[in-house]
Each structure stands twice: as structure tokens, then as C-alpha cells.
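Heads up, the thing below is written out as C-alpha cells.
Below, read A as the first sequence line, B as the second, and so on, with proteins coming before strands; counting in each chain starts at 1. Computed from a prediction, not measured in an experiment: that's the story for all the values here. Every heavy atom of this structure was used, including side-chain atoms; hydrogens, water molecules and symmetry mates were not.
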2 protein chains.
Amino acid sequence: MAVTIKDVAKKAGVSPSTVSRVLSNHPRISKETSIKVKNIMNELGYHSNMMARSLVSNKTYTLGMILPRPAEELFQNHFFAENIRGITTQAARNGYDVLMTAGANDSDEMEAITRLVLGRRVDGIILLQSRKHDPIITFLREHDFPFVLIGRYEEDPNVLCVDNDNIQAAFDATSHLISQGHTRIGFVSGPPSLSVSQDRLEGYRQALAEHQLQMKSEWIVEGEFLQESGYRAMSFFMSLPERPTALVIIDDVVSFGVMRGLTELGYSVPEDLSIIGFNNISLTELSTPPLSSIDIGIYQLGYMASQMLIKRIQGETQPQPRTIVPHRLMIRESSLHYKAKRSGV
Amino acid sequence: MAVTIKDVAKKAGVSPSTVSRVLSNHPRISKETSIKVKNIMNELGYHSNMMARSLVSNKTYTLGMILPRPAEELFQNHFFAENIRGITTQAARNGYDVLMTAGANDSDEMEAITRLVLGRRVDGIILLQSRKHDPIITFLREHDFPFVLIGRYEEDPNVLCVDNDNIQAAFDATSHLISQGHTRIGFVSGPPSLSVSQDRLEGYRQALAEHQLQMKSEWIVEGEFLQESGYRAMSFFMSLPERPTALVIIDDVVSFGVMRGLTELGYSVPEDLSIIGFNNISLTELSTPPLSSIDIGIYQLGYMASQMLIKRIQGETQPQPRTIVPHRLMIRESSLHYKAKRSGV
DNA sequence: ACGGGTTGTGCAAACGGTTTACCAACTGAA
DNA sequence: TTCAGTTGGTAAACCGTTTGCACAACCCGT
């Protein structure tokens, strides 16, 4: 049905091997033959069959990933979309495609990975998340299969991964609030088991320490990456005899919960409470007031992961296993003008 | 390196063909042999090579799609993420994976499609968008290659597609406002060239007509799917001598522009102006007040598209080429209690 | 005991490429 | 003239599966 290398060969009066060599720019093919064959290829509309090519070359030019299961977190959709855009764009630039597969549960997922790896469907894998002692990572390491993790894997420092410097990011966010004149700053954290929570808390600590500011344990609360957590944290803070005047908040969605609660209680942002969140989701610009946030470069995370993986596949060794994607402060209304009001302007 | 069908055959003392038949549950393989071979497969950790299998069977069990290029519209990320989740989940249920590829420009994209189709990398394609007289669609039809479009294609009624009933959706949104006691209802539209804009406007018209309500052309404004468009529309409406008391707005992001503008001018939603948007993006719940919206079932759109495509690939004929995904009214604060305030409650 | 239908399995030819080994013809230097 | 070294190309093996055809062994009714 489809036109094969043999059809081209026959029409050009050469052998299939010659056509193959033309395709791969083999040095020992004459200019003349090459041009002749290429013309015939165009004429016949030849396009090489990737399956056949993969079979013999053992390369698929495909990166695999598994679709993260729908998480409760609102942030997920944004992260997922931006991330995949970064991954796919970079892959495309290097001639790779991205294969996505889904699993309804853990064993499904494991089976999917097995299928991709052992079935030789992909050349490498990008993981969008990991658990402690992740069996998927164990599997991939055992088979010495190329993969890159977005995030970080405590158990094994040799795992290739790309991540943010969350300590520094929180440090910067906190410092920004300090620079706005705040001295009483609280922190709304996520689940304490997550390394993001730990790292951001640490950055917050360091910034306060550097400026010799008071750090009260009651100004640190933990929650989920949900709006409700923000709402609850806000209620708590506002009930304190000595309130913070600004908050560093683990995630934008949580920040929205805080903002909403404040509005309901008749307080205003940033005058009564200045806030800054993390992740810079698109809604930050739309809220009233617009929310200051740390942009963690989600697209870039995907982009770099893709790049690292392709290098790894092609045998380049990485100088170090971890790549850090820089973050950016996106300062908006929610964390500005505090001083202005205080000083009566 | 990897364990092949031959290794299994050798160890089991049978021929490769027998192993292959065990794999495909061929009826004429004895229970005995089947079990023996299966044991050996487990023992050796055998997994069949998809490339080889595809080569001979001419099936890849893969659906292809091209990554939409970053659009200006905020809504895109949410749509993309939900959509792909639907597509991939349904695909996985049927044993298919999804291959994503990206193109930086039109010709890139065309080349990518060619690669997937002619290179026999996928069994079918899902298109997330289309242009008028889309060359990609022309190409696919010419090659009689299975594909499904999310959206609709005016030029060819035979194209398989899945879409919403936007006329009905806008009808329902408008009717809802009417049921809340509004009689002066405006419409904020998108680019008039898009069929979404046309259809939603039509639904709005029909609802007003059914209730014999006044339809003033100055109560209909066009814009982009951007916040600014909403802001501008709002300014315009509020400057009119005879203002609408409620708005049907083509998109949630636009609605946020309206809400923000109203807040800035000291008006309040829904008391001064009730609004309802489309698409039900996640922020709708987070805004103050929460925004009423029409949920167009984005996940479902992807899910159905995937299903249609797989059926088409497997040779099932569809009763009709278009599938309509039902929409749902998500009523929130922004379009409620209008009457209540009017009557002084 | 014999032919005809099942059953269970092996052989070998695809599928569409790549790649190794090999060869013929042409250089050019000794 | 001869021999070694290029240059341009062919033939055949191979990648891992599937599958049509052949065939032996059995089962059953006559």
C-alpha cells in the first residue's frame, strides 16, 4: 500500500541499501545518485516507516511520561499544561515526540511503565512526581533506563532531576516583604512531609534570621494546597492578639483563600495584611488585588527536563545530576504600598 | 540484550510461532503448552516488542495529537489540561497511548502530521482546533486517515467531531438570568468570526425572543477572550443611559474583567449587575463573588473524541459524525439574589 | 482397517528498514 | 605493469513478530 524504500529503489534503478544510505547521508554515496534518489522519493511521496526503523535501530525518538492522576489541587492543571508544553517543545526541537499514557491506580501505572520500557516504546521517561521509595524509580534504575524526575528524590542523589531552589525562593519572598517595611511576618505552609514545605519554611526562617526579626512559632501554620487551608489560616492569624502584618504563603490557591477571607471580614489587602504566594498561576493577575507570587518557571522545568533526558539518551554525561531552574519574583498589588499607608501617604 | 520471543521459545522447547500464538490466545494452542510458555515468559521477564509488533500488524495502538501553540487566552491552559486528561484516560481504557508532537509554526505542524501519518506512527489523530479550510484536515481526508476534531468544521459535514451545543448553552444561561427577574440583559461576545461567538449570540437571541424581551443592539458588544475586553465592555455598559441589569459573557476570563471593573467603580455583583460566563474555569469558585458559569464538559469533550476515534480506527461506523457533549449550568453568587435586593430583602 | 475431520505445532515468508561484508572499477604511485 | 588504496554500490543477514500453509497425530464412525 504505502510506498517503501524498495519502491524507490526499483524506480531509481538502485538497491534498497543505497536508498537507505541516501536517507542517512552516508558519505560514500555519490552526489549524483543521492539527488536522483531524493527526486524519486519526492515524486513517489516516500516517507520512511518509523516502526521498521525503530525495530532495527532500537531507537524510537520518543519520550514517555505518565499522566498524573487528577489531584485535588487546582494548581495541578496549570502546572501540567505548562510543564508538558515545555517538555514537548524542547523534545520537538530535538526530533523527539512525547508519548503519554495513563493509569487509574498504582499498579496500572507500574504496568504502563513496564509496557513502555520493556516494550521498547520510548527511549526515556520523564516523571512528573515521585513518592518516597518510589517503585517506579527503583524499576527504572534496575533496568538502567534513562529518566529524569521533575522535583527531587531524597533516597538517591544520582537520580537526574530538575527542580527549583525553594529555600532561596522563600528567602527572596520573605526579604521582599521585609523590604516593604514589614517586621511581623507569618508563614502559611503546606503538608510538612513535602520537601517543598520544608524548603520554603527554611528559606523564610533564614530571611527572618538575617534581619534579626522575631520568629514566633504561632505565626507558622500548616495546611493543604487548598483554598480552605488559606481561609482557616487567615481566621487564625486575625484572631491573635499580636497579628502579623504580612504572610508568605506556600501556594497561590491557598493565598486566594486568605484573600477571600480577609475581604469577607472587611479587611483589605495589602493594607491590613500583605501577602505573597508561590507558583504564579494565571489567576494571580486576575484577582483583586492582583496577587504577588514567585514564578517557579514551570515551562522551564519541563523544558530542562526534556533537554536533560535527551542528552542522557544520547549518551552525554551530565556534569551534575541536579538542575536548578531559577525563580522570579512577580510583585503585584498584594504586597506593595504597606509603608505608604502606614506613613499616611 | 532484551529477552525476545525466541529466547522464550528455546527455553520452552517450542517454536517462536507457538509462543506468539500463546501471546494472542490462539484457539489451537493446548492448555498445557500455553501454561508452560506463560510460566517461562514470567520467569524470563519477557515483554513483547511493540515496534516489531506494529511493523507486521500495521497497528500502533497510539493516537496522535499536536500540541496547540501557546495562545494568548488564559483559558487555554485549563482547556488543554482537562482535554488531554479526557483523551488519555479514555485511550488508556482501550489500550491506546497518546503521542504528542509540537510544531513552532504552520509548516512545522504540517510536517509533524505528515511524519505521524506517513511514518505510520499513530493509528489516528485528534485535532484540538481547526482553521477554515484547514490544510491539515484536507491532508487527512485525502489519505483517508482516521481523525476526530474537537470543535466543528463547517466546510465538511462528514468530518467526525465532538462539540457543545453552544446555542442551547447560551439559551440556558440567558434563561437563567430571566428566571432571576432580569428583563434588561446584555451580551458580551468574542470575535464575531468564531462559530462559538455566533452560536452563543444566537442562543441569547432565542431566549430573549421566547420571553418577548427587548433586544437592543447596543447591549451587544464584541471583544477578545481577554480580561481587557470585559473591562471595556463594562465601561461601555455602565455609561449607557439605559443599562442592562445582567450580562451573558462569552468567557469567564472576560467576566473577570467585568467584575474587576465593577468593583473598581464601586458597583457590586450581583446587585448592580448580575453576570454569568462560559467555560467554568477553576477560578470561578475562587473569585469574590464566585462566578456563575456554563460548564462545557472539557474533560468529556476529550473523552468522547478519544472514544470516537478509537471506534473509527477499529472500523465501527458512527451513526452520525457529530457528537454533542452536554453543558451544565453552574450557578454561583454572581447571578443570584437580584430579586431579593430589588424587593428589599 | 480406513478415510475424514479435528488438534496442536513447526516452517518459512513476510513487514520495512539498517548494516555488515564484499566486490568491481577506478585511481595513482612504485 | 602491478599492487594498494579509494569510491560507489550490491547482496544478504538481521531486527522481533505475525501468519498462511503444511503436516503429524489423534479421534471417530463405518
Side-chain angles (χ1 to χ4, degrees), chain A residues 1-38 40-41 44-62 95 114-123, chain B residues 1-38 40-41 44-62 95 114-123:
Chain A
M1 192 79 255
V3 30
T4 79
I5 217 171
K6 288 175 192 166
D7 302 324
V8 176
K10 192 175 294 174
K11 182 136 189 181
V14 296
S15 78
S17 12
T18 301
V19 177
S20 171
R21 289 205 242 272
V22 168
L23 238 27
S24 56
N25 290 317
H26 189 101
R28 290 197 6 200
I29 290 290
S30 67
K31 205 81 190 160
E32 208 179 351
T33 313
S34 172
I35 291 178
K36 181 176 64 183
V37 169
K38 279 180 179 163
I40 306 243
M41 290 203 294
L44 261 45
Y46 170 80
H47 210 278
S48 75
N49 181 313
M50 278 306 293
M51 297 304 144
R53 193 195 284 265
S54 295
L55 178 57
V56 38
S57 68
N58 226 357
K59 282 173 196 140
T60 62
Y61 291 97
T62 306
T114 313
R115 190 158 40 82
L116 297 195
V117 173
L118 267 26
R120 301 245 172 285
R121 285 202 84 175
V122 299
D123 295 341
Chain B
M1 193 79 253
V3 30
T4 77
I5 220 172
K6 288 178 192 166
D7 302 325
V8 176
K10 192 175 295 174
K11 183 138 189 179
V14 297
S15 77
S17 10
T18 300
V19 177
S20 170
R21 286 197 253 264
V22 168
L23 236 29
S24 55
N25 289 318
H26 190 100
R28 301 220 325 224
I29 289 290
S30 69
K31 205 79 190 162
E32 209 180 349
T33 311
S34 172
I35 291 177
K36 180 176 63 182
V37 169
K38 279 179 180 165
I40 306 240
M41 291 203 293
L44 261 45
Y46 169 79
H47 209 279
S48 74
N49 181 314
M50 278 305 294
M51 297 304 144
R53 192 196 284 264
S54 295
L55 179 57
V56 37
S57 68
N58 223 359
K59 283 173 195 140
T60 62
Y61 291 96
T62 307
T114 312
R115 189 158 40 82
L116 296 195
V117 173
L118 266 27
R120 300 246 171 290
R121 286 203 85 175
V122 300
D123 295 341

Is it the case that the side chain of A:Thr60 and the backbone of A:Ser54 share a donor-acceptor pair, with hydrogens and angles ignored and the cut-off at 3.5 Å? no

Donor-acceptor pair present, B:Thr4 side chain and D:dC15 base, under 3.5 Å: no

Does B:Arg21 make a side-chain donor-acceptor contact with the base of C:dG10, cut-off 3.5 Å? yes

OP1, OP2 of [N] versus side-chain N and O of [X]: anything below 4.0 Å?
X: A:Ser30; N: D:dT7; value: no
X: B:Ser17; N: D:dT18; value: no
X: B:Ser57; N: D:dT17; value: no
X: B:Ser15; N: C:dC11; value: no
X: B:Ser20; N: D:dT18; value: yes
X: A:Ser24; N: C:dT18; value: no

Any non-hydrogen side-chain atom of [X] less than 4.5 Å from a side-chain atom of [Y]?
X: B:His47; Y: A:Val117; result: no
X: B:Val8; Y: B:Leu44; result: yes
X: B:Arg120; Y: B:Asn58; result: yes

Below 4.0 angstrom, which residues in residues 48-56 of chain A have at least one non-hydrogen atom near DNA chain D? A:Leu55, A:Val56

Starting at the 5' end of DNA chain D, which residue's closest nucleotide do you reach first, B:Tyr46 or B:Arg28? B:Tyr46

Sugar-phosphate, base or nothing in reach of B:Val14, heavy atoms under 4.0 Å: sugar-phosphate

Round to the nearest Å and state the distance from [X] atom [atom1] to [N] atom [atom2].
X: A:Leu118; N: D:dT17; atom1: CG; atom2: C1'; answer: 16 Å
X: B:Ile5; N: C:dC15; atom1: CD1; atom2: C1'; answer: 15 Å
X: A:Leu44; N: C:dG16; atom1: CG; atom2: C1'; answer: 15 Å
X: A:Asn25; N: D:dG8; atom1: CG; atom2: P; answer: 15 Å
X: B:Lys31; N: C:dT9; atom1: NZ; atom2: P; answer: 13 Å
X: B:Tyr61; N: D:dT17; atom1: OH; atom2: P; answer: 16 Å
X: A:Lys59; N: C:dG17; atom1: NZ; atom2: P; answer: 17 Å
X: A:Ile29; N: D:dT7; atom1: CD1; atom2: P; answer: 13 Å

Which heavy-atom pair separates B:Met51 from A:Met51 by the least distance, and what is that distance? SD-SD, 3.6 Å

Closest heavy-atom pair and its distance - B:Pro16, B:Ala9: N-CB, 3.6 Å

Go through the side-chain N and O atoms of A:Thr18 and A:Ser15 and say whether any donor and acceptor fall under 3.5 Å apart. yes

Interatomic spacing from CD in A:Glu32 to NZ in A:Lys36 - rounded to 0.5 Å: 7.0 Å

